[in-house]
A.B. asks: 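Mind looking over this structure? Questions follow.
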Amino acid sequence: ETGVTQTPRHLVMGMTNKKSLKCEQHLGHNAMYWYKQSAKKPLELMFVYSLEERVENNSVPSRFSPECPNSSHLFLHLHTLQPEDSALYLCASSQDWGQDYEKLFFGSGTQLSVL
Amino acid sequence: GNSVTQMEGPVTLSEEAFLTINCTYTATGYPSLFWYVQYPGEGLQLLLKATKADDKGSNKGFEATYRKETTSFHLEKGSVQVSDSAVYFCALRPQGAQKLVFGQGTRLTINP
């Protein structure tokens with residue numbers, strides 16, 4: 001148990017659906033991240049929030065919309081996704097953005113399938 | 001730009017075999033280098049790191065040496081166990097940057 005919890009573990013959705021992924025950490029960390037893990041591709045950083053402000057947005061399509069209502073929670077809202085968006089979506093947290101950044105604590109991920 | 005290239009998986013070995021997973025990188029300056037491990041059903045966790053040339057990172061019997069001359073950071077273990085079955089990610093943090101750049105991961109399966 002790393003202290004970062006993601007729900008749901010698995011999600012199947014159609015291209016017209018709207019769904020949300022949830023991430024929660026109770027480690028007292030100030031930075032939270034969304035990563036996309038696709039087969040045979042490098043792990044891709046999608047978004048970074050530091051103290052509830054977005055500090056990184058790596059050219060992610062607008063059909064992915066992050067939300068960080070407080071330092072313990074991070075959401076990824078999904079709408080009108082494409083089949084190529086099927087992947088494992090990982091949430092992570094760290095004490096601060098930029099410091100000890102390599103000490104990331106990852107959740108187990110949400111396996112998303114878009115039909 | 002900055003990038004990390006890992007050997008293509010999957011890698012399948014027998015218990016007690018010697019393991020090498022190759023990792024090479026492209027980066028300007030002096031990046032920090034990392035190996036992360038992802039056990040089945042879990043998120044990634046830091047396995048080891050090296051922050052300057054010729055440093056050796058080690059943990060749980062795994063080792064990797066930062067080789068600037070060959071821009072490599074190969075992961076090695078002398079005798080693998082079934083419990084080492086996981087996906088291994090090589091990563092770098094460019095000098096002065098805040099982001100990690102990951103490789104594509106190498107799936108390792110150890111058979112008893």
Side-chain angles (χ1 to χ4, degrees), chain A residues 1-10 21 23-25 27 29-50 54-60 74 87-111, chain B residues 1-11 21-27 30-52 55 57 59 64 66 73 86-108:
Chain A
E1 176 59 53
T2 64
V4 179
T5 304
Q6 289 186 243
T7 54
R9 292 295 299 269
H10 301 274
L21 310 185
C23 177
E24 190 172 350
Q25 60 92 5
L27 300 169
H29 288 170
N30 296 317
M32 296 186 76
Y33 312 77
W34 280 116
Y35 280 89
K36 178 181 179 183
Q37 183 180 354
S38 303
K40 298 189 178 181
K41 288 186 178 180
L43 201 62
E44 297 174 51
L45 178 63
M46 300 174 72
F47 301 104
V48 182
Y49 277 81
S50 176
R54 193 188 309 180
V55 296
E56 281 280 332
N57 179 349
N58 282 350
S59 303
V60 180
L74 184 65
L88 181 68
Y89 288 84
L90 291 168
C91 174
S93 71
S94 66
Q95 185 60 56
D96 294 293
W97 165 238
Q99 289 183 335
D100 290 333
Y101 174 71
E102 57 266 23
K103 292 181 186 173
L104 289 173
F105 288 75
F106 281 84
S108 303
T110 294
Q111 186 65 55
Chain B
N2 300 299
S3 66
V4 175
T5 303
Q6 296 180 228
M7 66 188 287
E8 192 97 7
V11 174
I21 299 179
N22 290 339
C23 171
T24 57
Y25 68 89
T26 302
Y30 297 87
S32 296
L33 302 174
F34 309 88
W35 277 100
Y36 280 80
V37 58
Q38 184 182 34
Y39 296 107
E42 299 182 14
L44 281 72
Q45 52 186 281
L46 181 64
L47 179 60
L48 55 83
K49 69 175 185 180
T51 57
K52 60 183 189 294
D55 265 4
N59 186 22
Y66 188 142
F73 193 54
V87 181
Y88 291 82
F89 290 87
C90 186
L92 70 84
R93 178 178 173 177
Q95 184 179 10
Q98 293 172 313
K99 289 195 291 192
L100 283 177
V101 176
F102 285 88
Q104 79 274 28
T106 301
R107 182 174 297 278
L108 172 68

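We use all heavy atoms of the structure for the numbers below, so side chains are in, but hydrogens, waters and symmetry mates are not.
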A.B. asks: Looking only at heavy atoms, what is the nearest atom pair of Phe102(B) and Pro42(A), with distance?
C.D. replies: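 Residues Phe102(B) and Pro42(A), closest heavy atoms: O-CB, 3.2 Å.
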A.B. asks: Only counting residues at least two apart or in another chain, list the ones meeting side-chain hydrogen bond (donor to acceptor under 3.5 Å, both in side chains) with Arg54(A).
C.D. replies: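 Once residues adjacent in sequence are excluded, the partners of Arg54(A) under the side-chain hydrogen bond (donor to acceptor under 3.5 Å, both in side chains) criterion are Tyr49(A).
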A.B. asks: With sequence neighbours excluded, what pairs up with Lys52(B) under the salt bridge (charged side-chain N to carboxylate O under 4.0 Å, His left out) test?
C.D. replies: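 Residues passing salt bridge (charged side-chain N to carboxylate O under 4.0 Å, His left out) with Lys52(B): Asp55(B).
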A.B. asks: Does any backbone or side-chain atom of Leu90(A) lie under 4.5 Å from a heavy atom of chain B? Answer side chain, backbone, both or neither.
C.D. replies: side chain
A.B. asks: Could you please spell out the steps behind the side chain to side chain contact (heavy atoms under 4.5 Å, CB included) verdict for Leu104(A) and Tyr36(B)?
C.D. replies: CA-CA 10 Å; Leu104(A) 289 173; Tyr36(B) 280 80; 4.3 Å; yes
A.B. asks: Could you tell me which portion of Glu44(A) (side chain, backbone, both or neither) has an atom closer than 4.5 angstrom to a non-hydrogen atom of chain B?
C.D. replies: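 Neither part, no heavy atoms under 4.5 Å.
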A.B. asks: Quick one: CD on Gln38(B) to CG on Leu43(A), what's the gap to the nearest 0.5 Å?
C.D. replies: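 Rounded to the nearest 0.5 Å, the CD-CG separation comes to 8.0 Å.
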A.B. asks: Chain B heavy atoms under 4.5 Å from Lys40(A): which part of the residue, side chain, backbone, both or neither?
C.D. replies: both
A.B. asks: Has Tyr30(B) got more than 12 heavy atoms of other residues, nucleotides or ligands less than 6.0 Å from its OH?
C.D. replies: no
A.B. asks: What part of Gln6(A) gets within 4.5 angstrom of chain B, counting heavy atoms only: side chain, backbone, both, or neither?
C.D. replies: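 No part of Gln6(A) comes within 4.5 Å of chain B.
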A.B. asks: Please report the interatomic distance CG(Leu100(B)) to OH(Tyr33(A)), rounded to the nearest 0.5 Å.
C.D. replies: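 Rounded to the nearest 0.5 Å, the CG-OH separation comes to 8.0 Å.
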